[in-house]
Amino acid sequence: MPEAQVIHLDEARPGRSVATRRTAAPAPRGRKAAFERCQAITASGNLCRNRALANGFCTVHRPPPPRERIGPFDSEDVRRALDLARRRLLGQYEVDEFGFDPEFTEKVVLPLVRPFHRRYWRVDWLGLSNVPAKGAALLVSNHAGTVPVDALVMKFGLLDVHPAHRHVRLLAADLAFRMPFVGPMARRMGNTLACSEDALRLLRAGELVGVFPEGYKGVGKGWKNRYHLQRFGRGGFVEVALRAGVPIIPVGIVGSEEIYPMIADLKPLAQLFGFPYFPITPTFPLLGPLGLIPLPSKWIIEFGEPIHTEEYGPEAADDPMLVFDLTDRIRDQVQQMLYRNLMKRRSTFF
Amino acid sequence: MGQRVMITGISRHLSAKLAQRLEGDPAIEYLIGVDTEEPEYDLERTEFVRADIKNPLILKVMETAEVDTLVHLNVIATPTRVGGRSAMKEINVMGSLQLLAAAHKSDRLRKVVVKSTTAIYGATARDPAVFAESMAMESAPVTGYAKDSVEVEQAARDFGRRRKDVVTTILRFANFMGSEIETPLTRYFSLPVVPTAMGYDPRIQFVHEDDAVEVLRRATVEDHPGIYNVAADGVLLLSQAIRICGKFALPVALPLAAPLAGVMRRIGLVDFPRDQLQFLVYGRVADNARMKHRFGFHPAYTTREALEEFVAGQRFQRFVTPERAERWQQDVYDYLRRKARREAEV
């Protein structure tokens, strides 16, 4: 076994006193080095070829002084965080006409959501290359899980793991925007009302739009119907895609069904609160607030082959037969993806 | 022969500013301002006529002055100054109907400009994020200023249909903002602590008063038939706007918002019309693309710049200024460093 090249990740961060090798710098070509080399970069800009001491640097180059730390944090990170806080306090940030605040979404919400899709639900991402790095596209996904967490996982997952770190602009029901705290938060994260005007506006601006045609019928379906796609609305999303001439990307989300298994729906209570359904799960409301903790199921999110709508032309949006046909095709594709990925998953939780 | 222009509501800020702009234009031969109150602004060659637009005599005034352009700005948003909601409705709706009826009879007339508002789009959670001109009237507001404006617009459109020879322009203005104009909204932002609806953060959009006057001027001297949203580029969140003003928000539970507004009205703090409270819950943004492309007007101020110009007018105390915020940031940073060092020594 050849000896592995040891590269000290910690000292290779920006802001160093001595210029050091980039973390991902390839090992010197040719004969494998029998010893570790110094991490410094010489004045002429080349990698230092001297033998490294125990600290990773040679006798000529001294290691950079340890960065100042404030408690457990790097002082530079603390300064950046305070800078952000100051600008927010002064209102020095931009929102678009939908109320989307990218800075807030990336710097405040994403770090909070990241552990969920990475560690808690351990999402496997398939077909990421089907999501374009730029330009408009319509993501059409199944919807499940009693609480529309799947939408947020898809949104923040793409922002986090997609090479282009794209924001998905989700289309949500008006209930979301009527609710205090939830509504403004939904807008701040770039989502808007599910209506053709907003969808068209976003697509024409070259945004990635996410839509869940099953709506409440999908999120609020009982446990016995899990992974059975509901009706895909009246195909309004297909009309919008045709009109804007953007590709439709089917998305299959496996795992969201098990986070809050809904075994019953208390309709009278739902009517009382004006909600579309009132869920009873094995833990809610039995365990009180503890019942709000979602189950750690294993997730697989797959992006299918894009369906190109440009060839039909915008007039095709007024052809109901074509719209129904495309709607059925997409629904079928999503259903196939779900079955395929369910087979792939070893068990619900692993 | 030059243009002969009549402006209604000349005692009001926007009308007077428009008159001042038009006075400098040699193509305007004659300017006449109509109102029931005397204007407080310096007007040089604008002739002031004390007349009530609700009175059919207004036709006589138009005929004698040989008016060919009518700019109708006498649509008011707040009921308190005129003595109650019914008086306000009387002025707004009946006044406009009478005025347009008189205009219908006037043979010389060849242009009518009517001021409206984006408030006619309403503000609910079920509306699209951005209103285009074609989207109005689907959920027409049923109260107050917005309802009046819907009716005024309806009358103006009926007029336009009957008098096809007259160029009819309807301008839907976003909320005015600037260092001189005074509206319920500018007074709201001048409050020491700004009450907001708890759990809501609406998107808001302004139009700077100078831009508004310029659009009115161009609608008066040029021909732009049709309906246009007049709004600045860019959007602010209410919380953001309050911070730009250097203030703190006071979130109020929604059921208490209307009573609070009532109290503030009674003690003369802010006369914020009850029907406009919805705006502070869901907000409203209008699409200004038609104004830019068809009208050909590009606003000089963005929404943020309009607000900043208002803030620079220094009409109120600011608690958070950029300088102070910078100092606070340094203080917090120094404190954290000192603390960390002390702990390291122990």
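In this text the structure is predicted, and so the values were computed from the model without any measurement. Residue numbering restarts at 1 for every chain, and letters A, B, ... go by the order of the sequence lines.
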Trainee: What distance do Arg341(B) atom CZ and Arg69(A) atom CZ have between them, rounded to the nearest 0.5 Å?
Mentor: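 Rounded to the nearest 0.5 Å, the CZ-CZ separation comes to 15.0 Å.
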Trainee: Measure Asp83(A) against the heavy atoms of chain B and call it side chain, backbone, both or neither at under 4.5 Å.
Mentor: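 Both the backbone and the side chain of Asp83(A) come within 4.5 Å of chain B.
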Trainee: Give a yes or no on whether the backbone of Ala129(B) and the side-chain of Asp198(A) come within a donor-acceptor separation of less than 3.5 Å.
Mentor: yes
Trainee: What are the two closest non-hydrogen atoms of Tyr282(B) and Phe177(A), and how far apart are they?
Mentor: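 Scanning both residues, the minimum pair turns out to be CE2-O, 3.6 Å.
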Trainee: Measuring from Ile244(B):CD1 to Tyr93(A):OH, what's the distance to the nearest 0.5 Å?
Mentor: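 Reported to 0.5 Å precision, the distance equals 8.0 Å.
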Trainee: Say whether, by atom type as modelled, one donor and one acceptor occur between the side chain of Arg243(B) and the main chain of Arg88(A) under 3.5 angstrom.
Mentor: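 A pair under 3.5 Å: yes.
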Trainee: Ignoring hydrogens and angles, tell me if any N or O in the side chain of Arg203(B) forms a donor-acceptor pair with the backbone of Glu97(A) under 3.5 Å.
Mentor: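 Judged by distance alone, yes, a pair lies under 3.5 Å.
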Trainee: To the closest 0.5 Å, what do you measure between CG (Leu89(A)) and CD (Gln329(B))?
Mentor: 10.5 Å
Trainee: Distance from Leu336(B) atom CG to Leu82(A) atom CG, nearest 0.5 Å?
Mentor: 6.5 Å
Trainee: Surrounding NZ of Lys292(B) (heavy atoms of other residues, nucleotides or ligands, distance under 6.0 Å), is the total greater than 12?
Mentor: yes
Trainee: Does any backbone or side-chain atom of Glu308(B) lie under 4.5 Å from a heavy atom of chain A? Answer side chain, backbone, both or neither.
Mentor: neither
Trainee: Looking at chain B, which one of Ser196(A), Ala173(A), Pro184(A) has the largest number of heavy-atom pairs inside 4.5 Å, strictly under?
Mentor: Pro184(A)
Trainee: Sort Arg79(A) into side chain, backbone, both or neither according to what part of it lies under 4.5 angstrom from a heavy atom of chain B.
Mentor: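 Backbone plus side chain of Arg79(A), per the 4.5 Å heavy-atom cut-off to chain B.
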Trainee: Shortest non-hydrogen contact from Gln92(A) to Arg304(B)?
Mentor: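 Scanning both residues, the minimum pair turns out to be CA-NH1, 4.2 Å.
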Trainee: For atom CE of Met185(A), is the number of surrounding heavy atoms from other residues, nucleotides or ligands below 6.0 Å larger than 12?
Mentor: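 Check fails, neighbour count at 12 or below.
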Trainee: What verdict does the side chain to side chain contact (heavy atoms under 4.5 Å, CB included) test give for Phe131(B) and Glu197(A), after you've listed the backbone C-alpha separation in whole Å, the side-chain angles of each residue and the deciding distance to 0.1 Å?
Mentor: CA-CA 9 Å; Phe131(B) 291 106; Glu197(A) 290 93 343; over 6 Å; no
Trainee: To the nearest 0.5 angstrom, please state how far the CD atom of Glu343(B) sits from the CD1 atom of Ile70(A).
Mentor: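 Atom-to-atom, Glu343(B):CD and Ile70(A):CD1 are 11.0 Å apart.
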Trainee: Relative to chain A, which segment of Ile242(B) carries a heavy atom at a distance below 4.5 Å: side chain, backbone, both, or neither?
Mentor: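 No part of Ile242(B) comes within 4.5 Å of chain A.
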Trainee: Quick check for you: among Met179(A), Arg188(A), Arg87(A), Arg86(A), which has the greatest number of heavy-atom pairs under 4.5 Å with chain B?
Mentor: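 When all of Met179(A), Arg188(A), Arg87(A), Arg86(A) are compared, Arg86(A) has the most.
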Trainee: Is Asp201(B) salt-bridged to Arg187(A), cutoff N-O under 4.0 Å?
Mentor: no
Trainee: Identify which part of Gln205(B) has an atom lying under 4.5 Å from any heavy atom of chain A, answering side chain, backbone, both or neither.
Mentor: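 Neither part; nothing is under 4.5 Å.
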Trainee: Side chain from CB out, backbone as N, CA, C, O: work out which of these in Val130(B) comes under 4.5 Å of a heavy atom of chain A, or both, or neither.
Mentor: both
Trainee: Of all the heavy-atom pairs spanning Leu90(A) and Val320(B), show the shortest one and how long it is.
Mentor: CD2-CG1, 3.8 Å
Trainee: Of the backbone (N, CA, C, O) and the side chain (C-beta and beyond), which part of Thr303(B) lies under 4.5 Å from a heavy atom of chain A, both, or neither?
Mentor: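 Nothing of Thr303(B), per the 4.5 Å heavy-atom cut-off to chain A.
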Trainee: For Tyr200(B) and Arg178(A), indicate whether the former's side chain and the latter's backbone hold a donor-acceptor pair under 3.5 Å.
Mentor: yes
Trainee: Quick one: which of Ala125(B), Pro202(B), Ser239(B) has the most heavy-atom pairs under 4.5 Å with chain A, could you say?
Mentor: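 Greatest number of close heavy-atom pairs with chain A: Ala125(B).
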Trainee: For atom CZ of Phe295(B), is the number of surrounding heavy atoms from other residues, nucleotides or ligands below 6.0 Å larger than 12?
Mentor: yes
